[in-house]
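Note: hydrogens, waters and symmetry copies are ignored here, and every other heavy atom, side chains too, is used.
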Amino acid sequence: MRVAIFASGSGSNFQALVESFNKHEIPGKLICLFCDQEKAYVIKRAQKAKVPYFVLPKKKTQTKTDYEKQIIHFLREAKIDLICLAGYMKILGKEILEAYPNRIINIHPSLLPKFKGVHSIEQFYNSSEKETGITIHLVDKGIDTGPIIFQKKIICREQESLEDLTERIHELEHAYYPKVIAKFIRENVER
């Protein structure tokens, strides 16, 4: 299976996935990074890892449909089978969802359906909840509403800082996202 990773920021999940591909822990082939932000640190990670990358910011004059058609053209040229979102901060629209049905995976730093969208770690931290974690799910037209593939829970420690909690959640993401993607690919190639 040919995989593209979409990211918008620093790319720590991208890095974890690259390392897993390099160790052949994930079957298939990492073809490229797609990034919508020209100055995102994830681009430097891709350069260092020698992963081809494609950067395409959305123009203000461009419709979402036209923007996504450009992305799809690139993905089809690269013969991409699976998209893995790793800190991609745009909501995918109809065009990409229809071009890749049940072939877009996202990782989210909360136990969905709680704390959807951005700033979910902070939302949890400022709530009265004690249990959080990560969710890996298929992407649908909603925001963090797609079918859940995997969840891993942790308990917020007493007097734990937001920074420490964030670090523990990232450790979970880096440990489990590659394993879940590998399992997804194996199961879907066998079908």
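In this structure Phe150 satisfies the ring-ring contact (aromatic ring centres under 6.0 Å, His included) test together with Tyr176, sequence neighbours excluded. Residues passing the side-chain hydrogen bond (donor to acceptor under 3.5 Å, both in side chains) test with Arg168 are Glu160, sequence neighbours excluded. Applying the side chain to side chain contact (heavy atoms under 4.5 Å, CB included) criterion to Lys141, with sequence neighbours excluded, gives Leu97. Partners of Lys59 by side chain to side chain contact (heavy atoms under 4.5 Å, CB included), not counting sequence neighbours, listed by chain and number: Thr61, Gln62.
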For this session: Give the C-alpha distance, both sets of side-chain angles, the deciding distance and a yes or no for side chain to side chain donor-acceptor pair (under 3.5 Å) between Glu171 and His174.
Result: CA-CA 5 Å; Glu171 287 170 5; His174 302 162; over 6 Å; no
For this session: Tell me, with the steps shown, if Ile83 and Ile96 meet side chain to side chain contact (heavy atoms under 4.5 Å, CB included).
Result: CA-CA 10 Å; Ile83 298 169; Ile96 291 180; 4.2 Å; yes
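Applying the side chain to side chain donor-acceptor pair (under 3.5 Å) test to pairs two or more places apart or on separate chains, those with a residue in residues 124-134 are Lys114-Glu129. Here ring-ring contact (aromatic ring centres under 6.0 Å, His included) pairs that include residues 47-78, with residues two or more places apart or in two chains, are Phe34-Phe54, Phe54-Phe74.
Proximity of a side-chain donor or acceptor of Arg2 to a complementary backbone N or O of Ala78 within less than 3.5 Å is detected. Side-chain N or O atoms of Glu95 include none that pairs as donor or acceptor with a backbone N or O of Ile72 at under 3.5 Å. No donor-acceptor distance shorter than 3.5 angstrom exists from the side chain of Ser120 to the backbone of Ser110, with no hydrogens or angles considered. A donor-acceptor pair under 3.5 Å is absent between the side-chain atoms of Gln37 and the main chain of Gly9, judged by distance alone.
Considering all non-hydrogen atoms of both residues, Asp36 and Ala7 come closest at OD1-O, 3.8 Å. When all heavy atoms of Thr145 and Gly142 are compared, the closest pair comes out as OG1-CA, 3.1 Å.
Put simply, the side chain of Ile105 reaches to within 4.5 Å of the side chain of Tyr177, judged on heavy atoms.
In the displayed structure, Lys152 atom NZ is contacted under 6.0 Å by at most 12 heavy atoms of other residues, nucleotides or ligands. Atom CD1 of Ile143 sits in a sparse spot, with 12 or fewer heavy atoms from other residues, nucleotides or ligands closer than 6.0 Å.
A distance of 10.0 Å separates CD in Glu68 from CG in Leu75, rounded to the nearest 0.5 Å.
At a threshold of 4.5 Å between side-chain heavy atoms, the hydrophobic network of Ile, Leu, Val, Met, Phe, Trp and Tyr places Tyr88 and Ile169 in two separate groups. Neither Leu92 nor Ile107 shares a network with the other; the hydrophobic side chains, linked directly or stepwise wherever heavy atoms of I, L, V, M, F, W or Y lie under 4.5 Å apart, form separate groups for each.
The residue from Ile134, Leu172, Leu111 that alone fulfils the side-chain contact (heavy atoms from CB on, under 4.5 Å) condition with Lys153 is Leu111. Checked options Ile148, Ile181, Val180, Asn106; the residue passing with Ile136 is Val180 (criterion: side-chain contact (heavy atoms from CB on, under 4.5 Å)).
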